[in-house]
Protein chains: 2
Amino acid sequence: MRSEIEPGGRKPRSFIEEARRAQIVASAVAVIAEVGFAQASLARIAKHAGISKGVISYHFAGKEELMEEVVTRVYTEAADHVLAEMEGLQDAGELLRTYVIANAAHMRRHRAQIMALGEIFNNLRTAEGKPRYGVQTSEEIYQALESVFRLGQRTGRFRDFDLRVMAVTLSAAMDSMFGYWAAYPEHDLEAHARELADLFERACST
Amino acid sequence: MRSEIEPGGRKPRSFIEEARRAQIVASAVAVIAEVGFAQASLARIAKHAGISKGVISYHFAGKEELMEEVVTRVYTEAADHVLAEMEGLQDAGELLRTYVIANAAHMRRHRAQIMALGEIFNNLRTAEGKPRYGVQTSEEIYQALESVFRLGQRTGRFRDFDLRVMAVTLSAAMDSMFGYWAAYPEHDLEAHARELADLFERACST
DNA sequence: TCAATTTCTGACCGCATGGCCAAAATCTAG
DNA sequence: CTAGATTTTGGCCATGCGGTCAGAAATTGA
C-alpha cells in the first residue's frame with residue numbers, strides 16, 4: 001500500500017540538484033508554517049534559504065511545482081509511517097485505533113511539515129483558480145478507511161453504517177484535531193487522539 | 001441566545017445606502033461561491049453587481065469590512081435558524097440530533113452563502129497576515145455544543161467523555177458534511193445528516 | 001426651478017507578486 | 001590549465017491587486 005499522490009519519481013540530474021531542491025522544499029515548509037501560505041512568496045522562501053530568488057526558478061518550473069513537491073514529500077512520509085504502524089493488524093477496531101494514534105504521533109513529531117501541508121491543501125490553486133487539492137484528493141484516504149470499516153462490518157465487529165459518511169467524518173476529525181493543536185500548542189494531542197479513538201470505536205461498534 | 005460575531009448593529013444613513021450594501025454583499029457572496037475567495041477581487045465583485053469598483057470603496061471602508069459584513073449576515077442568519085429549531089427541546093439527544101439536521105437543512109437552502117462563508121473563514125487574513133477568523137472564532141460554537149453535552153452527562157443520557165474533543169469533532173463533522181456536498185452536489189445531504197446524528201448519538205450515549 | 005448633497009464613474013497610483021534573463025561565478029572533465 | 005557546462009546573481013518586467021480622487025451624474029429639498 002503506497003501513496004498515489006505522485007505516482008512517478010523524478011530522476012535528479014546531479015547531487016547538487018537534489019540537495020538544492022530538498023533545501024528549497026525545507027525552507028518552503030518553514031516559511032509556510034510560520035507565516036501562512038498567502039505570505040509565503042518566492043522571495044521570502046529564497047531569503048529563508050539564503051539564496052537568490054532566481055535559484056528557485058532554476059530548480060523548479062514554477063511555484064506550483066515547488067508546492068507540489070512539498071506536498072509529495074510530506075504526505076508520502078506521513079502515509080508511509082501510518083501505514084507501517086497498521087501493517088499486520090487484523091482486527092478492524094485495532095486498525096481504527098492505530099490509524100488515529102499513529103497519525104497523532106506523526107503530527108506531533110512533524111508539526112511544521114503538517115501545518116505547511118494543510119496550508120497548501122487549503123490555499124493552492126491552479127492557474128484557472130480552482131483548488132489544486134480538492135475533495136477528490138482525499139478520495140484515496142476515504143477508500144482506505146472504508147476498507148477498514150468494511151472489514152469490521154464483515155467480521156461482525158462493526159454495525160451497519162454508511163461507509164462514506166464515516167470515512168469523511170473520521171478524516172475531518174483528524175484534521176480538526178491537528179487544527180486545534182496547531183492553534184493551541186498546549187493542547188494534549190495524545191489525549192485527544194485517545195478520545196477520538198474511543199469516540200469512533202463506539203460509533204462503529206455493534 | 002444570539003450570535004456574538006458582530007455585537008453592534010450599524011445605522012444605515014439612507015435607504016439607498018442600505019440597499020447598495022446589501023446588493024454588494026450579495027454579489028460578493030455569488031462571486032466568492034463561484035470562483036473562490038482568492039479570485040474574488042473588488043473589480044470582479046463590482047462587475048457582477050453592474051457597478052463601478054469605486055462604489056464599493058464608497059460604501060465600505062475596505063475589502064475587509066465588506067468580507068466581515070458578509071460573514072455577519074450569513075452567519076447570524078444560519079445561527080438564528082438553527083437555534084430557533086433547538087428552542088424548547090429538553091433532551092440532550094434530541095438537541096444534538098436537531099442541531100445536525102437543522103444545520104443540514106439550512107445549508108441546503110443557502111448553498112452559495114455557506115460556501116462563501118467557508119471561503120472567507122478559511123482565507124481572510126488581517127493586514128498582518130494572520131487569519132481573521134481562526135479557531136478562536138469557533139469558541140462560541142464549541143461552548144454551545146459543550147453545554148448540550150454537559151446537559152446530557154448530567155441527566156445520565158450521555159457517558160463521560162471529553163467535552164472539548166466532542167465539540168471540536170462534531171463541528172468538524174458538520175463542516176466536512178458541507179464540504180463533501182459542495183464538491184458533490186448529488187450527494188444526499190439529508191441522509192448524511194441522519195447518519196451523522198446516529199454516529200454522534202452512539203458516540204455520546206451511555 | 002435650482003442649488004446643495006449624495007452617489008457614481010473611470011482613470012490613476014503604489015505596491016507586491018511570479019517569472020525572466022544576461023552576465024557573472026563556480027564546477028567539471030579532458 | 002582551460003574550455004565547456006552548470007549554477008547563481010540581481011535587476012527587470014508585466015500583471016493584478018486594493019485603494020484614491022476629481023469631476024460628472026443623479027437625487028433631494030425648499
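Note on naming: letters A, B, ... go to the chains in the order of the sequence lines (proteins, then strands), and numbering restarts at 1 for each one.
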Of the listed nucleotides (D:dT9, C:dG19, C:dT9), which one gets closest to any side-chain atom of A:Lys63? C:dG19

Is A:Glu195 reaching over with its side chain to a backbone N or O of B:Phe161, donor-acceptor style, under 3.5 angstrom? no

B:Phe158 and B:Phe149 aromatic ring geometry - parallel, tilted or perpendicular at 30°/60° bounds: tilted

Using heavy-atom distances to pick each residue's nearest nucleotide on DNA chain C, tell me which of B:Gly50 and A:Ala61 is more 5'. B:Gly50

Plane angle bin for A:Tyr180 and A:His192 - parallel if under 30°, tilted between 30 and 60°, otherwise perpendicular: tilted

Side chain of B:Leu42 only, heavy atoms from C-beta on: which candidate in D:dT7, C:dT9, D:dG19 is closest? D:dG19

Would you mind classifying the nucleic acid contact of A:Ser41 as base, sugar-phosphate or nothing, using non-hydrogen atoms under 4.0 angstrom? sugar-phosphate

Atom pair distance, as rounded to whole Å: NE2 in A:His59 and P in D:dT9: 10 Å

Separation of A:Phe60 atom CZ from D:dT8 atom C1', in whole Å? 15 Å

Can you tell me if the side-chain N/O atoms of A:Arg44 get under 4.0 Å from OP1 or OP2 in C:dA16? no

Rounded to the Å, how far apart are A:Gln39 CD and C:dG18 P? 11 Å

Regarding B:Tyr58 and B:Arg20, is there a side-chain donor-to-acceptor distance under 3.5 Å anywhere? no

Heavy atoms under 4.0 Å, any strand shown: does B:Ser57 hit a base, just sugar-phosphate, or nothing? base

Between C:dT26 (C1') and A:Tyr58 (OH): distance, integer Å: 12 Å

Please give, in whole Å, the distance from C:dT17 C1' to A:Phe37 CZ? 12 Å

Donor-acceptor check, side chain of A:His110 to backbone of A:His106, threshold 3.5 angstrom: yes or no? yes

Taking atom C1' of D:dA26 as reference, at what distance in whole Å does atom CZ of B:Arg20 sit? 12 Å

Separation of C:dG18 atom C1' from A:Arg125 atom CZ, nearest Å, is 18 Å

Measure CD1/B:Ile56 against P/D:dG18 and give the value in whole Å, please. 9 Å

Could a donor-acceptor pair under 3.5 angstrom be found where the side chain of B:Lys53 meets the base of D:dG19? yes

